Amino acid sequence: MRYISTRGGMTPARFCDVLLGGLAADGGLVVPESFPTLSAGELAALQGATYEQVAQAVVSRFVDDIPEADLAALIAAAYDRRLFHHPAVVSLRQIEPGFHMAGLAHGPTLAFKDMALQLVGRLFEYELARRGEHLTVLGATSGDTGSSAEYAMIGARNVDVFMLSPLGRTSPFQAAQMYTLDEPNIHNLAVRGVFDECQDLVKEVTGDAAFKQTHRIGAVNSINWARIVAQAVYHVFVYLAVAPEVGAPVDIAVPTGNFGNVYAGFVARRMGVPIRHLIVATNENDVLDEFFRSGRYRVRPAADVIATSSPAMDISKASNFERYVHALLGDDSTATSALFSGLGPASAIDLSNDQGFARIAATGFVSGSSTHADRIATIRRLHADHGLVVDPHTADGVTVGLEHRDPDVPLVCLETAQPVKFAATIAEAVGTPPPVPARFADLFQRPQRYDVIDVDVAAVKAHIAATVPATRRP
Ligand SMILES: *Cc1c(COP(=O)(O)O)cnc(C)c1O
């Protein structure tokens, strides 16, 4: 199994090399040279399998440079039931005949991002130990990614994490999750600024090649290929759980921001899992819904991003989208490169001709968008009719999923977070704040630790240099 760039300018590399890298050197995204398959017989053999067994079957097809037994141990550690508080790791609940919810937020930070990052954290530690290297993970977060990444790296001996968050601008629960961690290798930097400034600081630090090299700076952002592989697992798992028999079609509705979660479903589909429709749900920031409806992908200026009540989906462009377009163009790197090099807010990708639409239809994608009023109504209805409280992002997925519902095909809506993370919107919808899981009952009483810094790249660099001891540097 070799990996290449969507733009064709990368020497084919193996899984563990792309695991620790970010963007391909030519600015493209890493994709497999060819997609492995799961035959109908292989899928049938996985019916009734545990989450770990499905993970082994899927992940091992993308990873041929870690021995199977080591991979099994990493998978077992990642989905340990002391981390994922559900006996099956992923819960499935039939809400109405043919309408299921998949619970993906039983992990340590109550967001679906744990499904991928817990495994990625184990893979990082394993590969760095094998190489005798240390990595400094630098990231910016407005919420879930930061806490998921931090919890995934707890205790990783050869990784230090520096997470920049906008001081006072993340939800209180998300801030408390990060800032109450007391781990020697986790460092929270609260920036006197907004999220975009945090992200710019990360870009500036990683843009300094010498500093990046000296401190071996890496990332665990949403374009990491290993995250996609880990996420493809639960698409296979939910398919097996709701398909009446292997081969029957299933529709999956996915709340979408950077297109990672739903692209992972596309990977499962490309492997041969009979997912009929992947239903892309956006909020008011509908770049992707617009594409699937019109064939035109129009990146918005950052200033046009609307702050919504499903904030993890407030995006101006979707960082994983290039992987999908590469597939849409028949895995043609030259054509992908022509479309994406220099793609900025003023430009657009136009596949609105008949051939483009036919290709989009063949990939199974359909879409819709949801507004604040829609998500409030959906949260209210699920609560009133089924006693179920979902978070605002999940509600976007349910809203759009039900719009595309076909009585003859099971529909699975993927949960993206537990409602407690977005308490204000829940209270607006149902009148009372969501229940707090027992393990977080005292979260706001725990001491918080973070360093406050200005929007100043020199301060970030100085902080990293002073914090990671020279002995840990390569
Ligand atoms: C990250 C996130 C999303 C968006 O997922 P993508 O993989 O970026 O499409 C949606 N909802 C929540 C709660 C998230 O944390």
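Order of appearance sets the numbers: ligands from 1, and atoms from 1 within every ligand. All heavy atoms count here, side chains included; hydrogens, waters and symmetry mates do not. For clarity, every value in this text was computed on a predicted model and none was experimentally measured. For the single chain, residues carry numbers from 1 onward in sequence order.
- From the protein, the heavy atom lying nearest to atom 12 (C) of ligand 1 is A312 CB, 3.6 Å.
- Using a 4.0 Å cut-off between charged nitrogen and carboxylate oxygen, D286 and R296 do not count as a salt-bridge pair.
- F444 and F173 have perpendicular rings, their planes meeting at more than 60° on a 0 to 90° scale where under 30° would count as parallel.
- G257 N, 2.7 Å is the protein heavy atom nearest to atom 9 (O) of ligand 1.
- Using a 4.0 Å cutoff on heavy atoms, F112 counts as a contact of ligand 1.
- Residue K113 touches ligand 1 through its side chain alone, judged by heavy-atom distances below 4.0 Å.
- Listed by number with element, the atoms of ligand 1 under 4.0 angstrom from any heavy atom of T416 are 11 (N), 12 (C), 13 (C).
- The N261 neighbourhood of ligand 1 comprises atoms 7 (O), with distances under 4.0 Å to a heavy atom of that residue.
- Taking every non-hydrogen atom of D144 and a distance limit under 4.0 Å, the qualifying atoms of ligand 1 come out as 12 (C), 13 (C), 14 (C), 15 (O).
- Close approach of ligand 1 to A417 is summarised as follows: ligand atoms under 4.0 Å from at least one heavy atom of the residue are 13 (C).
- We find that E127 and R14 are not joined by a salt bridge, their nearest charged nitrogen and carboxylate oxygen being 4.0 Å or further apart.
- Looking at F259 next to ligand 1, an N or O pair under 3.5 Å apart turns up.
- Looking only at atom types and distance, the side chain of R375 has a donor-acceptor partner in the side chain of S309 under 3.5 Å away.
- By the 4.0 Å N-to-carboxylate-O rule, D406 lies close enough to R276 to be salt-bridged with it.
- Below 4.0 Å from some heavy atom of G260 lie the following atoms of ligand 1, by number and element: 6 (P), 7 (O), 9 (O).
- Here E96 pairs with R381 in a salt bridge; the nearest charged N to carboxylate O distance falls below 4.0 Å.
- Compare N258, T141, T145 by their heavy atoms: the one nearest to atom 6 (P) of ligand 1 is in N258.
- Remark: R359 CZ is packed, more than 12 non-hydrogen atoms of other residues, nucleotides or ligands lying under 6.0 Å away.
- Among protein heavy atoms, the minimum distance from atom 10 (C) of ligand 1 is reached at M313 CG, 3.8 Å.
- Residues L164 and C198 approach most closely at CD2-O, 3.7 Å, considering heavy atoms.
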